[in-house]
*Asks:* 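Dumping the structure here so I can ask a few things about it.
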2 protein chains.
Amino acid sequence: MAGGASRQGAENRTSRAVRADAQRNMDALLQAAATVFAASGVNAPMRQIAAEAGVGVGTLYRHFPQRSDLIVTIMRREIDVCAEAARVLSSEHAPAEALARWMQRYVDLVSTKRGLAAALHSGDPAYEPLPVYFEKRLKPELRVLLDNAVASGEIRADIEVDDLVIAVPSLCMSAQGEEGLARARRMVALLTDGLRRSAP
Amino acid sequence: MAGGASRQGAENRTSRAVRADAQRNMDALLQAAATVFAASGVNAPMRQIAAEAGVGVGTLYRHFPQRSDLIVTIMRREIDVCAEAARVLSSEHAPAEALARWMQRYVDLVSTKRGLAAALHSGDPAYEPLPVYFEKRLKPELRVLLDNAVASGEIRADIEVDDLVIAVPSLCMSAQGEEGLARARRMVALLTDGLRRSAP
DNA sequence: ACCTGAACACCGTTCAAGT
DNA sequence: ACCTGAACACCGTTCAAGT
């Protein structure tokens with residue numbers, strides 16, 4: 001809930017300091033940016049994002065002075081959604097199945113969003129917070145999924161969380177286009193299957 | 001000597017088919033692109049490159065319809081120069097010293113040229129020939145340097161060429177700015193020192 | 001045969017005018 | 001307090017006119 005791009009949270013003095021229309025615009029902007037980034041990549045025209053949100057370009061620049069501000073915000077959200085998916089999957093599926101499904105969800109995060117990989121090791125200091133957040137937010141969720149699956153006796157007990165966190169992006173590195181993505185999915189599925197115990 | 005971007009080497013039927021001014025322009029363009037890329041990165045304005053070469057933009061586009069065509073051509077040249085440097089260093093220095101100096105030259109190639117790293121694993125099919133060329137051209141030269149140094153008894157005999165080829169780009173991955181470059185240099189120097197035999 | 005550069009389309013960014 | 005969008009600067013790309 002910390003105030004996006006602004007370092008001093010001036011708008012935090014009271015909740016009502018944020019005008020209703022400003023909040024609506026902010027939401028529309030984030031929604032639009034997510035859609036446009038997914039469709040056209042993170043270098044999509046700012047005008048297109050503003051139009052998709054039904055907002056003037058000036059408003060976009062007011063909220064996100066730098067393109068990287070918008071990208072970082074969106075990517076944090078994507079990471080959040082992926083992290084939350086772990087909880088949902090946990091509540092809806094048996095432990096091993098929840099783990100398997102989340103691994104595919106993790107593939108989505110890394111390979112569908114063209115911006116993440118680029119931002120993660122672009123070296124541009126503007127993206128510095130992303131890798132940290134990526135690790136901090138995702139690893140704990142995976143650990144829970146893994147612990148549950150191990151506790152249920154469905155999968156092996158000798159798996160390191162770090163290995164899985166690293167393995168997925170590695171397998172997705174070469175994932176170019178539809179075919180590459182499909183291959184990455186198969187590799188991750190194979191890997192996940194390998195986690196299951198041979199002897200129950 | 002194969003004709004750059006053009007697949008059919010129409011200009012190869014006779015050497016005289018290339019007009020003298022066209023050749024001069026081509027040379028000027030390559031020279032200018034190398035300078036501008038080094039100074040401003042591979043996304044520098046096309047106009048700036050044309051101006052630096054003292055040529056109209058149309059001429060630039062005639063020779064290199066896509067920006068990637070220009071980048072690939074320049075990068076191949078940079079790789080060539082780096083490969084040739086191995087011969088020169090070999091003839092001017094003792095084997096181990098030649099190897100050590102070339103390793104630093106290799107650092108230059110990977111980290112100074114902002115375009116190479118980006119192009120090497122951008123996934124854009126336009127850059128597809130680069131990684132292959134990179135490997136094919138550099139590895140044999142390094143092998144010779146290494147063999148010479150081993151034969152002279154100055155360094156250990158159990159070093160894999162592949163390991164060194166990979167190690168340098170890896171160490172340069174995190175090299176951002178002056179300070180990062182300096183660190184990468186120290187790491188590579190350290191590594192190179194490690195190659196020397198403890199007992200003569 | 002090759003070159004030039006004006007011309008067009010498009011994008012980033014700002015800021016005076018509005019509400 | 002916030003929003004709009006015309007306006008400006010700049011860049012990619014083409015192509016009619018030149019030599």
*Asks:* Salt bridge between B:D108 and B:R185, side-chain N to carboxylate O under 4.0 Å?
*Replies:* yes

*Asks:* By nearest atom, which of the nucleotides C:dT4, C:dC3, C:dT14 is closest to the B:V55 side chain?
*Replies:* C:dT4

*Asks:* Once you round to the nearest 0.5 Å, how far does CD1 of A:I159 lie from CG of A:L195?
*Replies:* 5.0 Å

*Asks:* I need the CD-C1' distance between B:E52 and D:dC11, as an integer number of Å.
*Replies:* 18 Å

*Asks:* To the nearest Å, how far apart are B:N43 CG and D:dC11 P?
*Replies:* 12 Å

*Asks:* Of all the nucleotides listed (C:dT4, D:dG12, C:dC2), which has the minimum atom distance to the side chain of B:A22?
*Replies:* C:dC2

*Asks:* Whole-Å distance between C:dT13 C1' and A:H63 NE2?
*Replies:* 16 Å

*Asks:* Can you spot which of B:K136, B:R87, B:R105 makes a salt bridge (Lys or Arg N to Asp or Glu O under 4.0 Å) with B:E141?
*Replies:* B:R87

*Asks:* I want to confirm an ordering. Mapping A:Q48 and B:G56 to their closest nucleotides on DNA chain C, which one lands closer to the 5' end?
*Replies:* B:G56

*Asks:* How is the base pairing of DNA chain C summarised as a dot-bracket string, given the Watson-Crick and G-U wobble criteria with both distances under 3.5 Å, [ ] for crossing and | for another strand?
*Replies:* ||.|||||...|||||.||

*Asks:* To the nearest angstrom, how far is B:R19 atom CZ from C:dC3 atom C1'?
*Replies:* 8 Å

*Asks:* In this structure, how many angstroms lie between the P atom of C:dT14 and the CE atom of A:M46, rounded?
*Replies:* 10 Å

*Asks:* B:V57 near the nucleic acid: base, sugar-phosphate alone, or nothing, with a heavy-atom cut-off under 4.0 Å?
*Replies:* base

*Asks:* Evaluate the side chain to side chain donor-acceptor pair (under 3.5 Å) criterion for residues B:Q23 and B:D27: first the C-alpha distance (whole Å), next the side-chain angles of each, then the deciding distance (0.1 Å), finally the verdict.
*Replies:* CA-CA 6 Å; B:Q23 185 60 52; B:D27 292 345; 3.1 Å; yes

*Asks:* Kindly say whether, by distance alone, the side chain of A:R47 makes a donor-acceptor pair under 3.5 Å with the base of C:dG12?
*Replies:* yes

*Asks:* Would you mind checking if B:R137 and B:E84 are paired as a salt bridge, meaning a charged N to carboxylate O distance below 4.0 Å?
*Replies:* yes

*Asks:* Does A:G58 or A:P45 map to a spot on DNA chain C nearer the 5' end, using the closest nucleotide for each?
*Replies:* A:P45

*Asks:* Check the phosphate of C:dC3 against B:N25, side-chain N and O only, distance under 4.0 Å to OP1 or OP2. Yes or no?
*Replies:* yes

*Asks:* Using 4.0 Å as the upper bound for N to carboxylate O, is an ion pair formed by B:D193 and B:R196?
*Replies:* yes

*Asks:* Measure from CG on B:D21 to C1' on C:dT4 and round the result to the nearest Å.
*Replies:* 12 Å

*Asks:* Just checking, any donor-acceptor pair under 3.5 angstrom between side chains of B:D80 and B:Y133?
*Replies:* yes

*Asks:* How is A:R62 classified with respect to the nucleic acid when contacts are heavy atoms under 4.0 Å: base, sugar-phosphate, or nothing?
*Replies:* base

*Asks:* I need the CG-P distance between A:D69 and C:dT13, as an integer number of Å.
*Replies:* 11 Å

*Asks:* Rounded off to whole Å, could you give me the CE-to-P distance for the B:M26 and C:dC2 pair?
*Replies:* 12 Å

